[in-house]
Peer 1: 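Could you have a look at this structure, given as structure tokens, before my questions?
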There are 2 protein chains.
Amino acid sequence: MTVSKAATDAVKPSRSNGKEPVDGAAENAALQMGELSDLLGYSLKRAQLKVFEDFLRCVAPLQLTPAQFSVLLLLDKNPGRNQTEIANTLGILRPNFVAMLDALESRDLCTRVRSTNDRRSHILMLTDKGRAVLARAKKLVASKHEARLNELLGPANRVALLDMLSKIAGEF
Amino acid sequence: MTVSKAATDAVKPSRSNGKEPVDGAAENAALQMGELSDLLGYSLKRAQLKVFEDFLRCVAPLQLTPAQFSVLLLLDKNPGRNQTEIANTLGILRPNFVAMLDALESRDLCTRVRSTNDRRSHILMLTDKGRAVLARAKKLVASKHEARLNELLGPANRVALLDMLSKIAGEF
DNA sequence: CGATATTTGATATAGTCTATAACAATTATC
DNA sequence: GATAATTGTTATAGACTATATCAAATATCG
């Protein structure tokens with residue numbers, strides 16, 4: 001056995017079905033992950049999927065996706081910006097941001113207002129309901145989602161992880 | 001200024017166009033990222049996109065995606081497995097795995113062989129060409145891709161990062 | 001044995017996310 | 001004032017993901 005525990009079971013959550021073959025007929029042994037365990041990109045993607053999954057679960061009462069939550073956060077911190085600025089900051093292409101905003105606006109979470117300076121652009125702002133939903137979402141994220149990660153990694157490690165990810169996202 | 005450097009510029013790579021406004025008309029200041037900088041999921045996704053992007057660049061001569069590379073790696077380490085086993089291990093749904101294998105098989109990187117034990121299933125195996133391509137891909141990944149991450153983070157940090165990501169992917 | 005259920009690979013299909021081209025309205029540039 | 005650039009938008013295409021369904025083969029169990 002040359003593979004670490006983390007390497008062998010870091011794979012399928014759906015395979016954790018209570019009854020593992022205790023000793024009997026060798027069945028299908030777990031597959032060898034090999035170099036896959038050392039591929040940063042592989043673990044990155046698996047971890048990202050898990051984290052998003054948990055985010056959706058934690059914030060399910062408010063029906064917000066991670067992307068929608070990030071938009072609300074950004075609108076709150078940056079009043080008076082237009083669609084292009086918000087979309088660019090989040091790495092969303094302008095054409096794809098239109099439908100996203102349509103969804104948020106139809107739920108009365110934000111509004112588009114024609115700018116008086118530049119009548120081409122739409123100034124984006126949170127509605128009162130948007131601010132309220134954002135406040136509740138922040139609490140859920142902090143108390144359920146991030147708290148769970150803190151519990152798993154420990155506060156110091158969580159910060160170290162965040163720093164490294166930001167470094168990769170920013171300087172890679 | 002309460003935001004860290006990493007927080008403010010961890011955003012748009014496309015915005016790094018040589019000429020920043022030196023001092024003149026304040027223009028459009030960078031947006032405040034706010035709590036977004038502390039959202040693990042956000043940094044996770046941004047980092048994952050960057051890492052995949054770099055992977056594709058490094059391994060471009062071989063025309064392999066991260067997913068295809070992971071399939072070849074797994075086939076090499078686990079000869080004699082069928083489609084369902086490989087797909088499950090990688091978190092790929094069986095229906096979606098069919099087209100993936102079609103692509104790899106059409107490039108003569110792997111083959112499907114009807115199992116004699118169970119004539120429903122296809123045993124998957126790398127071809128000689130598949131093994132050769134995989135060997136070259138491993139070298140490119142190690143010397144260009146992972147080496148770059150090692151340079152950015154430092155070997156110790158890279159291992160620590162990998163451990164935490166595996167932990168999240170496995171136990172979250 | 002034989003009827004029923006399960007598994008495997010496959011197809012069809014739908015939904016989401018991402019990416020590019022093009023357009024009208026508006027503004028910037030020279 | 002003519003030309004170029006920008007903004008929001010639509011249309012569209014591609015990649016990835018997800019579910020239902022099917023025929024062939026196997027497993028299960030009376």
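In the text below, chain A, chain B and the rest are named by the order of the sequence lines, each starting its count at 1.
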Peer 1: More than 12 non-hydrogen atoms from neighbouring residues, nucleotides or ligands closer than 6.0 Å to NZ on B:Lys129, yes or no?
Peer 2: yes

Peer 1: Atom CG of A:Leu56 to atom C1' of C:dT16: distance rounded to whole Å?
Peer 2: 13 Å

Peer 1: The helix from C:dC1-D:dG30 to C:dC30-D:dG1: angle between its terminal axes, five pairs each, to 10°?
Peer 2: 20°

Peer 1: Along nucleotides 21-29 of chain D, 5' to 3', which nucleotides get a B, which get an S, and which get a -, given that the test is a protein heavy-atom distance under 4.0 Å?
Peer 2: ---BBS---

Peer 1: Between A:Arg131 and A:Asp76, is there a salt bridge with N-O shorter than 4.0 Å?
Peer 2: no

Peer 1: Is any side-chain nitrogen or oxygen of A:Lys45 closer than 4.0 Å to OP1 or OP2 of D:dC16?
Peer 2: no

Peer 1: Just checking B:Met100: does its CE atom have more than 12 heavy atoms from other residues, nucleotides or ligands closer to it than 6.0 angstrom?
Peer 2: yes

Peer 1: Whole angstroms only, please: what is the CZ-C1' distance between A:Phe52 and D:dA18?
Peer 2: 18 Å

Peer 1: Starting from C1' on C:dG9, measure out to CE on B:Met100 and report it in whole angstrom.
Peer 2: 16 Å

Peer 1: Distance check: side-chain N/O of A:Thr84 vs OP1/OP2 of D:dT6, anything under 4.0 Å?
Peer 2: no

Peer 1: Nearest 0.5 Å, please: how far is CD1 in B:Ile123 from CD in B:Gln83?
Peer 2: 9.5 Å

Peer 1: Please state how far atom CD in A:Glu105 lies from atom C1' in D:dT9, giving the value in whole angstrom units.
Peer 2: 13 Å

Peer 1: In whole angstrom, what separates B:Gln48's CD from D:dC16's P?
Peer 2: 12 Å

Peer 1: Using the ring of each side chain (for Trp, its six-membered ring), is A:Phe172 parallel, tilted or perpendicular to B:His145, with breaks at 30° and 60°?
Peer 2: perpendicular

Peer 1: In this structure, how many angstroms lie between the C1' atom of D:dT17 and the CD atom of A:Glu53, rounded?
Peer 2: 13 Å

Peer 1: Could you state the atom-to-atom distance from CG of B:Asn96 to P of D:dA18 in whole Å?
Peer 2: 8 Å

Peer 1: Is it true that atom CZ of A:Arg136 has more than 12 heavy atoms of other residues, nucleotides or ligands lying nearer than 6.0 Å?
Peer 2: no

Peer 1: What's the spacing between B:Thr84 OG1 and B:Leu124 CG if we round to 0.5 Å?
Peer 2: 9.5 Å

Peer 1: Return the value, rounded to whole Å, for the distance between atom CD1 of B:Ile86 and atom P of C:dT8.
Peer 2: 13 Å

Peer 1: Can you measure from OH (A:Tyr42) to CD (B:Gln48) and round to the nearest 0.5 angstrom?
Peer 2: 13.0 Å

Peer 1: Between D:dT9, C:dT11, C:dT8, which one does the side chain of B:Asn82 approach most closely?
Peer 2: C:dT8

Peer 1: Which residue, B:Leu93 or A:Ile123, contacts DNA chain D at a nucleotide closer to its 5' end, judged by nearest heavy atom?
Peer 2: A:Ile123

Peer 1: Can you measure from OG (A:Ser70) to CG (A:Leu90) and round to the nearest 0.5 angstrom?
Peer 2: 4.5 Å

